[in-house]
Amino acid sequence: VLTKENAFDFCPRPHALRRAFFDAYRGPDSPLAAVDAFVCNHPPALCEAYMPFNKSLLVVATVNLEFSRENEERWAEWLRSLRAIAANRRNVIAANNPYDAAYIRHFAGIEAEYIPSYCGYAARS
């Protein structure tokens, strides 16, 4: 259902694609049935596809929030979705840098958790 051609922005028919994705992966025999939470980060708006599953969502902005939702209508829809996600206590809205946390606060009115990227695995020279 989601492909490399449509998963990035869900175009041309975003609501129909989200519905088709949910229909394809709902039910007790779905591989997603045992999932406790979904993590979305590149693009963070991919969490729109997982909203109907009624699972916890961790949205981590690692890029500008509007990434993949650049047209005005899709941007407004994504902000509404993000606010709905943030309204549920079991979900987390986060950013891996202070700039994107401030960006989320400015455009969505949501206080994002700051979760710095872990780079401890990189060798020092």
Side-chain angles (χ1 to χ4, degrees):
V1 174
L2 292 180
T3 67
K4 65 182 179 179
E5 286 79 24
N6 67 17
F8 187 73
D9 59 9
F10 295 172
C11 287
R13 297 178 52 228
H15 298 290
L17 183 60
R18 287 167 59 182
R19 169 53 69 185
F21 181 77
F22 179 67
D23 288 343
Y25 289 100
R26 68 179 174 170
D29 296 328
S30 168
L32 300 183
V35 169
D36 293 323
F38 295 101
V39 178
C40 311
N41 61 3
H42 196 81
L46 186 58
C47 264
E48 286 182 310
Y50 301 113
M51 290 174 71
F53 289 93
N54 199 27
K55 307 275 186 168
S56 294
L57 300 173
L58 174 55
V59 180
V60 183
T62 58
V63 294
N64 284 350
L65 192 60
E66 79 276 5
F67 191 57
S68 78
R69 301 295 186 267
E70 284 93 9
N71 79 53
E72 190 174 327
E73 180 181 342
R74 293 292 288 128
W75 170 238
E77 288 176 13
W78 167 226
L79 288 177
R80 282 191 295 276
S81 293
L82 187 63
R83 290 180 187 115
I85 292 167
N88 188 321
R89 292 180 54 219
R90 71 175 180 200
N91 299 329
V92 175
I93 310 299
N96 75 335
N97 62 79
Y99 174 83
D100 285 325
Y103 199 92
I104 292 168
R105 183 175 47 256
H106 177 78
F107 286 101
I110 297 167
E111 287 296 326
E113 297 288 329
Y114 168 49
I115 303 174
S117 296
Y118 176 72
C119 299
Y121 57 86
R124 292 183 181 185
S125 50

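Residue numbers run from 1 in the order of the sequence given. Computed over heavy atoms, backbone and side chain alike; hydrogens, waters and symmetry mates excluded.
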Nearest heavy-atom neighbours spanning [X] and [Y]:
| X | Y | value |
| --- | --- | --- |
| Val59 | Cys47 | CG2-SG, 3.7 Å |
| Arg69 | Ala45 | NH2-O, 3.3 Å |
| Lys55 | Asp36 | CB-O, 3.9 Å |
| Ala49 | Arg18 | CA-CG, 4.4 Å |
| Phe67 | Pro43 | O-CB, 3.6 Å |
| Phe53 | Phe21 | CE1-CE2, 3.6 Å |

Can Asn54 and Arg26 be counted as having a side-chain donor-acceptor contact under 3.5 angstrom?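 Absent: no donor and acceptor within the cut-off.
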Assess the side chains of Asn41 and Thr62: does a donor N or O sit below 3.5 Å from an acceptor N or O?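 Side chains of Asn41 and Thr62: no pair found under 3.5 Å.
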Same hydrophobic cluster for [X] and [Y], using side-chain heavy-atom links shorter than 4.5 Å among ILVMFWY?
| X | Y | result |
| --- | --- | --- |
| Phe22 | Phe38 | yes |
| Ile115 | Leu46 | no |
| Val92 | Tyr114 | no |
| Tyr50 | Phe8 | no |

Does [X], at its [atom1] atom, have more than 12 non-hydrogen atoms belonging to other residues, nucleotides or ligands within less than 6.0 Å?
| X | atom1 | value |
| --- | --- | --- |
| Arg19 | CZ | no |
| Tyr25 | OH | no |
| Glu72 | CD | no |

[X] side, atom [atom1]; [Y] side, atom [atom2] - distance, nearest 0.5 Å:
| X | Y | atom1 | atom2 | result |
| --- | --- | --- | --- | --- |
| Met51 | Ile85 | CE | CD1 | 4.5 Å |
| Leu58 | Arg90 | CG | CZ | 13.0 Å |
| Glu48 | Arg80 | CD | CZ | 9.5 Å |

So do Leu79 and Leu65 actually touch side chain to side chain, heavy atoms under 4.5 Å? yes
So Asn64 and Tyr99, do their side chains get closer than 4.5 Å, heavy atoms only?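 Yes, side chains in contact.
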Could you tell me whether Glu77 and Arg74 have a side-chain N and a carboxylate O separated by less than 4.0 Å?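 A salt bridge links Glu77 with Arg74.
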Can you tell me which residue among Val63, Val39, Asp100 is in a side chain to side chain contact (heavy atoms under 4.5 Å, CB included) with Pro44?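 By the side chain to side chain contact (heavy atoms under 4.5 Å, CB included) criterion, Pro44 pairs with just one of Val63, Val39, Asp100: Val63.
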Within the distance-only criterion (no hydrogens, no angle test), does the side chain of Asn96 pair as donor or acceptor with the backbone N or O of Ser117 below 3.5 angstrom?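 No.
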I'd like to know if the side chain of Asn6 and the backbone of Val1 have a donor-acceptor N/O pair within less than 3.5 Å.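 Side chain of Asn6 to backbone of Val1: a pair is present.
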Please list all pairs passing the ring-ring contact (aromatic ring centres under 6.0 Å, His included) test where one or both residues lie in residues 72-98, with sequence neighbours left out.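 Qualifying pairs, neighbours excluded: Trp75-Phe107.
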Just jot down the side-chain contact (heavy atoms from CB on, under 4.5 Å) partners of Ile110, sequence neighbours excluded, or say none.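 With sequence neighbours excluded, Ile110 shows a side-chain contact (heavy atoms from CB on, under 4.5 Å) to Leu82, Arg83, Ala86, Ile93, Ile104, Ala108, given in chain and number order.
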